[in-house]
2 protein chains.
Amino acid sequence: MKQQLVFKALADGTRRNILRALRAGSKSAGELSEEFSITKASLSHHLALLLNAELVRRERRGQQLIYSLNSSVAEEVMAILFDLFSHKEDS
Amino acid sequence: MKQQLVFKALADGTRRNILRALRAGSKSAGELSEEFSITKASLSHHLALLLNAELVRRERRGQQLIYSLNSSVAEEVMAILFDLFSHKEDS
DNA sequence: TAGATATTTAGATAATAGTCTAAATATCTA
DNA sequence: TAGATATTTAGACTATTATCTAAATATCTA
C-alpha cells in the first residue's frame with residue numbers, strides 16, 4: 001500500500017462520497033455518474049485515483065466497468081493512523 | 001471535527017512526518033524545524049494546518065510554542081474510515 | 001462489420017497548495 | 001526599555017489538482 005496515494009485519494013470530498021456511494025454495493029461508472037453532478041470524464045478521473053490507491057476494485061461486465069469497495073485498505077489506513085498517533089512511551 | 005480539514009492535513013507527507021516526530025513527545029517549533037529540511041516559515045505553515053485540523057495542540061512556554069499530538073482526532077478519523085468502508089448490508 | 005453504448009484518455013484551464021524570502025509579532029533578559 | 005530569540009504572517013512563485021470539452025477505445029448487437 002502506498003500511503004501517499006491513499007491519503008491523497010481520501011483528501012477529496014467527491015472521492016469520499018464515491019466511497020460512500022459504493023457502500024450500498026458495487027456500481028458501474030455510469031450508475032455512479034448519475035449520483036454526482038460532474039461530468040463522466042471527471043468522475044472517471046476520480047475513479048482512477050481511487051483505483052490507483054487500491055481503495056476500490058474494478059471489473060468489467062460487458063460494456064460496463066463495475067467498481068466496488070476494497071475494505072482491506074481501509075484497515076491498513078486505520079493501522080497507520082493508530083501508529084501515527086501512538087505515543088512512543090505507550091508501546 | 002471537520003473531515004475536509006483533517007483529510008487534507010493528512011494528505012501531505014511532511015505533515016504526517018511531523019505527527020510521527022511528535023510521537024516521541026511534545027516539541028517546540030524550533031526543535032521540530034531541526035528535523036526537517038524546510039524553512040521555519042514552511043514548517044510553521046504545516047503546523048498551522050495540523051492545528052486547524054485539530055490533529056495537534058499548541059501551548060506557549062515563554063518564547064516558545066510547544067506542539068503535541070491530539071490523539072482523539074485520530075480516533076475520529078478511524079471511525080470515519082470504518083464507516084466509509086462498512087457495507088450497508090453489514091450494519 | 002457498422003453503429004450504438006459505456007467509459008476512459010488527452011489536452012486545456014482555473015483554483016489550490018507547498019515553498020521561499022522578507023517583514024512582523026511576541027516574549028525574555030540585561 | 002533595547003536588543004536578542006522564537007515563531008508567525010505576508011506576498012510571490014511554481015507545481016499539483018479538479019474540472020471541462022472533445023476525441024479515442026472497448027464492447028455489444030443487429
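Chain letters run A, B, ... following the sequence lines, proteins first and then strands; every chain starts at 1. Because only heavy atoms are used, hydrogens play no part in the values below, and waters and symmetry mates are left out as well, while side chains stay in.
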Quiz prompt | Test side-chain hydrogen bond (donor to acceptor under 3.5 Å, both in side chains) applied to B:Lys27 and B:Glu35, B:Glu34, B:Gln64, the passing residue | solution =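 Among B:Glu35, B:Glu34, B:Gln64, the one that satisfies the side-chain hydrogen bond (donor to acceptor under 3.5 Å, both in side chains) with B:Lys27 is B:Glu35.
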
Nearest-nucleotide pick for [X], side chain only, options being [options]:
| X | options | value |
| --- | --- | --- |
| B:Gln63 | D:dA4, D:dA18, C:dT8 | D:dA4 |
| B:His45 | D:dA10, D:dA18, C:dG18 | C:dG18 |
| B:Arg60 | D:dC20, C:dA26, D:dA10 | C:dA26 |
| B:Leu49 | D:dA6, C:dT8, C:dG18 | C:dG18 |
| B:Tyr67 | C:dT7, D:dT7, D:dT27 | D:dT7 |
| A:Thr14 | C:dA4, C:dC20, D:dT19 | D:dT19 |
| A:Leu65 | C:dT7, D:dT21, C:dG18 | C:dT7 |
| B:Leu47 | C:dA6, C:dG18, D:dT8 | D:dT8 |

Self-check item: Base-pairing assignment for D:dA18 (Watson-Crick or G-U wobble, both under 3.5 Å)
Solution: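 Partner of D:dA18: C:dT13.
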
Practice problem: Could you tell me whether B:Ala29 contacts a base, only the sugar-phosphate backbone, or nothing, with contacts defined as non-hydrogen atoms closer than 4.0 Å? | Solution: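 Result for B:Ala29 = sugar-phosphate.
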
Exercise. Identify, between A:Lys8 and A:Ser28, the residue whose nearest nucleotide on DNA chain C lies closer to the 5' end.
Key: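 Comparing both residues, the 5'-ward one is A:Ser28.
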
Exercise. Would you check, one step at a time, whether the test salt bridge (charged side-chain N to carboxylate O under 4.0 Å, His left out) holds for B:Arg20 with A:Asp83?
Key: CA-CA 8 Å; B:Arg20 288 191 187 95; A:Asp83 180 61; 5.0 Å; no

Exercise. Grab the CD-C1' distance between B:Glu34 and D:dT5 for me, whole Å please.
Key: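 The answer, rounded to whole Å, is 14 Å.
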
